[in-house]
Colleague: 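Have a look at this one before I ask anything.
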2 protein chains.
Amino acid sequence: MGAKGVSKGAGHPALCDVELVTVLSALAEPTRLRIVAMLSEPGGERAWKDIDLPIAQSTLSHHLKILRNAGLVRNRTEGTRCFVSLREEEMEGRFPGLLETVLHCRDR
Amino acid sequence: MGAKGVSKGAGHPALCDVELVTVLSALAEPTRLRIVAMLSEPGGERAWKDIDLPIAQSTLSHHLKILRNAGLVRNRTEGTRCFVSLREEEMEGRFPGLLETVLHCRDR
DNA sequence: TTCGATGATCGACGATCATCGAACAGTGAC
DNA sequence: GTCACTGTTCGATGATCGTCGATCATCGAA
C-alpha cells in the first residue's frame, strides 16, 4: 500500500511529484481529454462501466492509468466495482487554473 | 502563398482551424515548452540564432514547425535571417487563458 | 556569377505510443 | 469450493515521435 488505502494496481502519485509536461501529455490525446471532460461534469465520480467509449476495455484501462500517473484522476474500489474521479482540488493546488482553463477551452 | 506574405516553407494556420489537442501536444514536450517560455519573456520576438539549445539545427527547425502548425508561434523572414515570436493575442482569442496559465504553471 | 550563411526538408534510426485480444487476479454470489 | 464479473497486466503490432547528419533552396555580399 502506497500512501492511502488505494485500489488495485494503481498507486496515485503525490501531486508535487508530477511534472507539468506529464499532465500536458496526458491531456494531449482526444480520448483522454474526453474522459477528463466527462469526469468534470456534475456528479463528480463516475463508475468505470459508465465510461463507455468506442475502445477496448484494456485500452480504457491503459488511458486511465496514464491519467492516474499524471495525477489527474483517482481510482476508488468498492467491492468488485471501480469508481473514477478527478483530483480537481489537488490539481488546482499544484497547477492553478490549468484544469479549468483546458476544460473551458475544450467546449468553447 | 498561403494567407499572408509569410516566410519560407512555413505557412501559418488560421487559429480557428487549430484543435486544442494539437496545442496541448505541441506544449507537451520539454524542449518546445522551453521555447515557448523563452518567447514569452520581455522582448517578444527572438532571432532564430538566439534560440540556442543543446539540439541539432534540424531538430530545432522541426520543433518550430510543430509550434507553428499548432498556431503557437509565427515566423518572420527578414532577408536571410528569421525571427520567431508568439501568437499571443490570437491564441488568447481562440483558447482564452491557456497560454498564460500553462506558462504560469511552468515556473511556479 | 560565385560564395557563404541561414533555415527548411529529406531519409534513417531508435524509442515511445495507442490499440487490441488473451490471460490474470481479486471480489461477491451461489 | 466454484462460478461470474470486473478491471489490470501482458505481449504484439502498426503508427507516430524526437533526433540526427546530409542535402536543398533562398538570400545578401563580394
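Quick caveat: nothing in here was measured; it's all calculated off a predicted structure. So that the names make sense, note that chain A is the first sequence line, chain B the second, and so on, each numbered from 1. Side chains included, hydrogens not; waters and symmetry mates left out as well; all remaining heavy atoms used.
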Colleague: Would you call B:R76 and B:E78 a salt bridge, taking side-chain N to carboxylate O under 4.0 Å as the test?
Modeller: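 The answer is yes: the pair qualifies as a salt bridge.
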
Colleague: With the side chain of A:W48 defined as its heavy atoms from C-beta on, choose the nearest nucleotide among D:dG7, C:dT19, C:dA18.
Modeller: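 The answer is D:dG7, which lies nearest to the side chain.
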
Colleague: Count the heavy atoms belonging to other residues, nucleotides or ligands that lie under 6.0 Å from CD of B:E45, then report whether that count exceeds 12.
Modeller: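 Count over threshold, so yes.
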
Colleague: Show the nearest heavy-atom pair for residues A:R32 and A:A26, with the distance to one decimal.
Modeller: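 The pair with the smallest heavy-atom distance is NE-O, 2.8 Å.
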
Colleague: Nearest of D:dT8, D:dG7, C:dA18 to any side-chain atom of A:N75?
Modeller: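 From the listed options, D:dT8 comes nearest.
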
Colleague: Would you please confirm or rule out a distance under 4.0 Å between OP1 or OP2 of D:dT8 and any side-chain N or O of A:R68?
Modeller: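 True: A:R68 side-chain N/O within range (under 4.0 Å) of D:dT8 OP1/OP2.
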
Colleague: Between B:I35 and B:H63, what is the shortest heavy-atom contact and its length?
Modeller: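 Minimum heavy-atom separation between B:I35 and B:H63: CD1-CB, 4.4 Å.
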
Colleague: Quick one: closest heavy-atom pair of B:L24 and A:L27, and the distance?
Modeller: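 B:L24 and A:L27 have their closest heavy atoms at CD1-O, 3.7 Å.
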
Colleague: Which part of the nucleic acid, if any, lies within reach of A:I51 when heavy atoms closer than 4.0 Å are counted: base, sugar-phosphate only, or nothing?
Modeller: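 Since no nucleic acid heavy atom lies under 4.0 Å of A:I51, the category is nothing.
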
Colleague: Could you list by number each residue of residues 52-60 of chain A showing a heavy-atom separation from DNA chain C of less than 4.0 Å, or answer none if no residue does?
Modeller: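 Hits under 4.0 Å, by residue number: A:I55, A:A56, A:S58, A:T59.
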
Colleague: For A:G79 and for A:E29, locate the closest nucleotide of DNA chain C by heavy-atom distance; then report the residue assigned to the nucleotide nearer the 5' terminus.
Modeller: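 Looking at the nearest nucleotide for each, A:E29 comes out on the 5' side.
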
Colleague: For B:V102 and A:L20, which heavy atoms make the closest approach, and how far apart are they?
Modeller: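 Taking B:V102 first and A:L20 second, the nearest heavy atoms are O-CD2, 3.6 Å.
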
Colleague: Counting a pair only when it is Watson-Crick or G-U and both distances are under 3.5 Å, which runs of at least 3 such pairs involve DNA chain D?
Modeller: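 If one scans DNA chain D for consecutive Watson-Crick or G-U pairs, the stems found are C:1-30 with D:1-30.
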
Colleague: Please check the phosphate of C:dT6 (OP1 and OP2 only) for any side-chain N or O of B:T80 closer than 4.0 Å.
Modeller: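 For C:dT6, neither OP1 nor OP2 has a side-chain N or O of B:T80 closer than 4.0 Å.
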
Colleague: Taking all heavy atoms of B:H12 and all of B:R87, pick out the closest pair and write down the distance.
Modeller: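 Closest heavy-atom pair between B:H12 and B:R87: CB-NH1, 3.8 Å.
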
Colleague: At 4.0 Å (heavy atoms only), tell me whether B:H62 reaches a base, stays on the sugar-phosphate, or touches nothing.
Modeller: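 Counting heavy atoms under 4.0 Å across all strands, the contact made by B:H62 includes a base.
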
Colleague: Please say whether more than 12 non-hydrogen atoms of neighbouring residues, nucleotides or ligands are located less than 6.0 Å from CD in B:E92.
Modeller: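 Above 12, so yes.
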
